[in-house]
S.K.: 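Sharing a structure with you now.
Atoms within a ligand are numbered from 1 in the order they appear, just like the ligands themselves.
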Amino acid sequence: MSDCLFCKIIAGQIPGAIVHQDDTLVAFTDINPQAPLHVLIVPRRHIASLNDLASEDDGLVGSMLRRAAALAKEHGYDQRGYRTVFNTNREAGQTVFHIHLHLLAGRPLAWPPG
Ligand code: AMP
Ligand code: ZN
């Protein structure tokens, strides 16, 4: 989608600190990190939010979650712990409407969330 920030990062039109890419996913460091490790895992295909997923996307979402686990392990946080979050729409604080999985690790993460 031409006007989407994350589509532009994926296309290389805006710089991103990319930590992983493959045929279907790109992962890059969040510009405003909320933890020592804060990575966004995004599909190359533009999907606005969790509300827009179809059953055909089940494999894609599974690969996003498995990539989060792999990146957490790669950075040494698999045993300490990490958090994976999809924010959806206004009350959850979604600001970029290209679906993304937040991976946060490296400090104790409070629960319940704010
Ligand atoms: P959300 O609030 O769940 O929609 O998350 C959007 C995230 O994108 C926020 O954590 C922002 O800090 C992050 N973000 C915004 N612009 C950029 C950018 N240019 N590169 C990397 N992350 C970004
Ligand atoms: Zn997009």
Side-chain angles (χ1 to χ4, degrees):
M1 188 179 264
S2 59
D3 209 25
C4 168
L5 175 65
F6 287 176
C7 280
K8 287 179 181 163
I9 291 175
I10 291 161
Q13 292 163 3
I14 289 178
I18 292 174
V19 297
H20 170 85
Q21 50 186 327
D22 58 39
D23 287 351
T24 52
L25 302 180
V26 177
F28 49 88
T29 303
D30 195 294
I31 203 167
N32 183 23
Q34 301 301 312
L37 178 67
H38 187 173
V39 169
L40 303 174
I41 299 151
V42 309
R44 288 187 182 276
R45 180 160 59 89
H46 183 90
I47 301 169
S49 83
L50 217 59
N51 288 337
D52 302 291
L53 289 169
S55 58
E56 307 89 85
D57 301 320
D58 288 359
L60 176 67
V61 175
S63 70
M64 292 170 75
L65 286 160
R66 287 189 21 87
R67 181 52 53 190
L71 287 166
K73 186 168 188 178
E74 208 173 284
H75 287 82
Y77 295 121
D78 55 325
Q79 298 306 311
R80 278 176 62 180
Y82 55 92
R83 185 165 294 166
T84 44
V85 178
F86 287 102
N87 292 322
T88 304
N89 281 345
R90 190 183 62 250
E91 288 199 356
Q94 186 176 5
T95 58
V96 178
F97 288 83
H98 181 132
I99 196 169
H100 49 281
L101 178 61
H102 293 259
L103 166 63
L104 298 139
R107 66 170 175 83
L109 297 161
W111 193 264

S.K.: Please answer: with hydrophobic residues joined when any side-chain heavy atoms are less than 4.5 Å apart, are Tyr77 and Leu71 in the same cluster?
M.R.: yes
S.K.: With nothing but distance in play, are any N or O atoms of Ile14 less than 3.5 Å from an N or O of ligand 1?
M.R.: no
S.K.: Any idea how His102 and His38 line up, ring-wise: parallel (<30°), tilted (30 to 60°), or perpendicular (>60°)?
M.R.: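 Tilted, since the angle between the ring planes falls between 30° and 60°.
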S.K.: For residues Ala68 and Thr84, report the shortest heavy-atom separation together with the two atoms involved.
M.R.: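 Smallest heavy-atom distance, with atoms named: CB-CG2, 3.8 Å.
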S.K.: Specify the protein heavy atom at minimum distance from atom 5 (O) of ligand 1: its residue, its atom name, and the distance to 0.1 Å.
M.R.: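 Going atom by atom, the protein heavy atom closest to atom 5 (O) of ligand 1 ends up being His100 NE2, 2.9 Å.
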S.K.: Considering non-hydrogen atoms of the protein only, which is the closest contact for atom 16 (N) of ligand 1, and what is the distance?
M.R.: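 I find the closest protein heavy atom is Leu5 CD2, 3.3 Å.
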S.K.: Short list, please: which atoms of ligand 1 are under 4.0 Å from a heavy atom of Val96?
M.R.: 4 (O), 6 (C)
S.K.: Are Gly16 and ligand 1 in contact, using a heavy-atom cut-off of under 4.0 Å?
M.R.: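 Outside the 4.0 Å threshold, so no.
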S.K.: Does either side chain, that of Asp58 or that of Ser55, offer a donor lying less than 3.5 Å from an acceptor on the other one?
M.R.: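 No, no side-chain donor-acceptor pair sits under 3.5 Å.
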S.K.: Are Ile41 and Leu53 co-members of a hydrophobic cluster defined by side-chain heavy atoms under 4.5 Å apart?
M.R.: yes
S.K.: Out of curiosity, does Phe6 fall in the hydrophobic cluster containing Leu25 (side-chain heavy atoms, cut-off under 4.5 Å, transitive links)?
M.R.: no
S.K.: Does Leu65 share a hydrophobic cluster with Val85, counting links as ILVMFWY side-chain heavy atoms below 4.5 Å and allowing steps through other members?
M.R.: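 Unlinked, Leu65 and Val85 end up in two clusters.
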S.K.: What residue and heavy atom of the protein are closest to atom 2 (O) of ligand 1, and at what distance?
M.R.: Gly93 O, 2.8 Å
S.K.: Show the atoms of ligand 1 that are less than 4.0 angstrom away from any heavy atom in Asn87.
M.R.: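 Under 4.0 Å from Asn87, ligand 1 has these atoms: 3 (O).
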S.K.: Give a yes or no answer on whether the side chain of His98 reaches the backbone of Arg44 with a donor-acceptor pair at less than 3.5 Å.
M.R.: no
S.K.: What's the shortest distance from atom 17 (C) of ligand 1 to any protein heavy atom, and which residue and atom give it?
M.R.: Ile31 CG2, 3.5 Å
S.K.: Looking only at heavy atoms, is any part of His102 under 4.0 Å from ligand 1, and if so is it the side chain, the backbone, or both, or is it neither?
M.R.: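 For His102, the contact with ligand 1 is made by the side chain alone.
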S.K.: Short list, please: which atoms of ligand 1 are under 4.0 Å from a heavy atom of Phe28?
M.R.: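 Near Phe28, meaning under 4.0 Å from one of its heavy atoms, ligand 1 has 21 (C).
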S.K.: Considering only non-hydrogen protein atoms, determine which one is nearest to atom 4 (O) of ligand 1 and report residue, atom name and distance to 0.1 Å.
M.R.: Thr95 N, 2.7 Å
S.K.: Check whether Val42 and Phe97 end up in the same hydrophobic cluster, where Ile, Leu, Val, Met, Phe, Trp and Tyr are linked by side-chain heavy atoms less than 4.5 Å apart.
M.R.: no
S.K.: What atoms of ligand 1 come closer than 4.0 angstrom to any heavy atom of Ile9?
M.R.: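 Counting atoms of ligand 1 from 1, those under 4.0 Å from Ile9 are 18 (C), 19 (N), 20 (N).
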S.K.: Run down the list Asp30, Val85, Asn32, Ile99 and name the one with the heavy atom closest to atom 11 (C) of ligand 1.
M.R.: Asp30
S.K.: Is it the case that the side chain of Gln21 and the backbone of Asp23 share a donor-acceptor pair, with hydrogens and angles ignored and the cut-off at 3.5 Å?
M.R.: no
S.K.: Is the shortest N/O to N/O distance between Phe6 and ligand 1 below 3.5 Å?
M.R.: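 It does not: no N or O of Phe6 is found under 3.5 Å from an N or O of ligand 1.
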S.K.: Enter the distance from Phe86:CZ to Leu101:CG here, rounded to the nearest 0.5 Å.
M.R.: 4.5 Å
S.K.: With 2.8 Å as the threshold, which protein atoms of type N, O or S lie near the Zn ion (ligand 2)? Leave waters out.
M.R.: Cys4 SG, Cys7 SG, His46 ND1, His98 ND1
S.K.: If you look at every heavy atom in Pro15 and Ile9, which pair is closest and at what distance?
M.R.: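 Closest heavy-atom pair between Pro15 and Ile9: O-CG1, 4.3 Å.
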S.K.: Taking distance alone, no hydrogens or angles, what donor-acceptor pairs closer than 3.5 Å link side-chain atoms of residues 107-114 to residues at least two apart or in another chain?
M.R.:
{"residue": "Arg107", "atom": "NE", "partner": "Gln34", "partner atom": "O", "Å": "2.9"}
{"residue": "Arg107", "atom": "NH2", "partner": "Gln34", "partner atom": "O", "Å": "2.8"}

S.K.: Yes or no: does Thr29 have any heavy atom under 4.0 Å from an atom of ligand 1?
M.R.: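 Flag set, Thr29 near ligand 1.
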